Amino acid sequence: MDSLNTDLIFNMAQLLKERVGATRKLHFDTALLALDEAAERANGVLEAHNLRGDAKVTRLGDGLLVQGDVLADVLVECSRCLEEFSVPVDAYLEEQFQSTYDVDTGHAVHRAEPAADDTAFQIDQNHLMDLTEPVRQALLVALPMKPLCREDCKGICAECGANLNEGDCGHKAEKTDDRWAGLRVLNLEDFSSSNN
């Protein structure tokens with residue numbers, strides 16, 4: 001995601017000058033955060049609205065650890081009736097950030113070749129920590145896999161596609177399985193219950 005959200009960017013220079021174990025509390029909120037690209041959804045960008053959160057930032061030897069909670073309202077599509085509705089999402093955030101420039105000298109930090117599983121985010125040359133991507137990922141992971149607009153959602157009609165929550169469309173709810181058609185014509189009275 002290339003979008004810049006200044007509400008989620010924090011200057012960490014002062015904390016990076018402190019001893020290991022020092023902490024800061026952060027509060028963040030933003031009206032809107034895009035969670036995916038428009039091309040990934042037929043009806044537009046998946047967006048988080050009224051995003052807010054609190055985090056504790058802890059100074060590590062080579063960077064920062066961010067831990068906190070993120071709350072947002074996300075417009076999603078019901079998995080049964082396909083109508084859009086807002087679902088509250090509560091996500092947990094825990095990510096590491098590494099410094100790219102030494103805060104005291106201003107020189108680039110040289111590290112050995114990063115490990116294949118290194119997932120730490122980068123603090124830029126101005127000592128700015130951008131929470132946009134970690135928050136976006138945390139919200140996506142916390143979204144329900146099969147969102148329902150309500151527990152008793154009736155879905156859509158398999159024949160005409162009408163939303164059954166809005167009323168009966170007149171089609172039968174169940175189709176019969178033609179593999180059992182031969183059994184429907186059987187008459188049990190044709191079979192004697194006694195042995196002759």
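This chain uses plain numbering: 1 for the first residue, then up along the sequence. All values derive from a computational prediction rather than experimental measurement. For the numbers below, each heavy atom of this structure counts, side chains included, while hydrogens, waters and symmetry mates do not.
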Is there a donor-acceptor pair under 3.5 Å between the side chain of [X] and the backbone N or O of [Y]?
X      : Y      : value
Thr100 : Ile123 : yes
Asp69  : Gly53  : no
Arg136 : Leu35  : yes
Asn126 : Leu128 : no
Arg59  : Leu16  : yes
Ser79  : Pro147 : yes
Asp29  : Leu51  : no

Q: Identify which one of Asn50, Leu46, Thr132 satisfies the side chain to side chain contact (heavy atoms under 4.5 Å, CB included) criterion when paired with Leu33.
A: Thr132
Does the side chain of [Y] come within less than 4.5 Å of [X]'s, by heavy atoms?
X      : Y     : value
Glu95  : Gln67 : no
Ile156 : Leu82 : yes
Leu148 : Arg80 : yes

Q. Roughly how far apart are Glu133 CD and Phe121 CZ, rounded to 0.5 Å?
A. 5.5 Å
Work out which heavy atom in [X] is nearest to a heavy atom in [Y]; give both atom names and the distance.
X      : Y      : result
Tyr92  : Ala138 : O-CB, 3.7 Å
Ala120 : Gln98  : CB-CG, 3.7 Å
Phe28  : Val135 : CE1-CG2, 4.2 Å
Asn165 : Asp152 : OD1-O, 4.3 Å

Q.
Can you confirm whether the side chains of Asp54 and His27 place a donor and an acceptor under 3.5 Å from each other?
A. yes
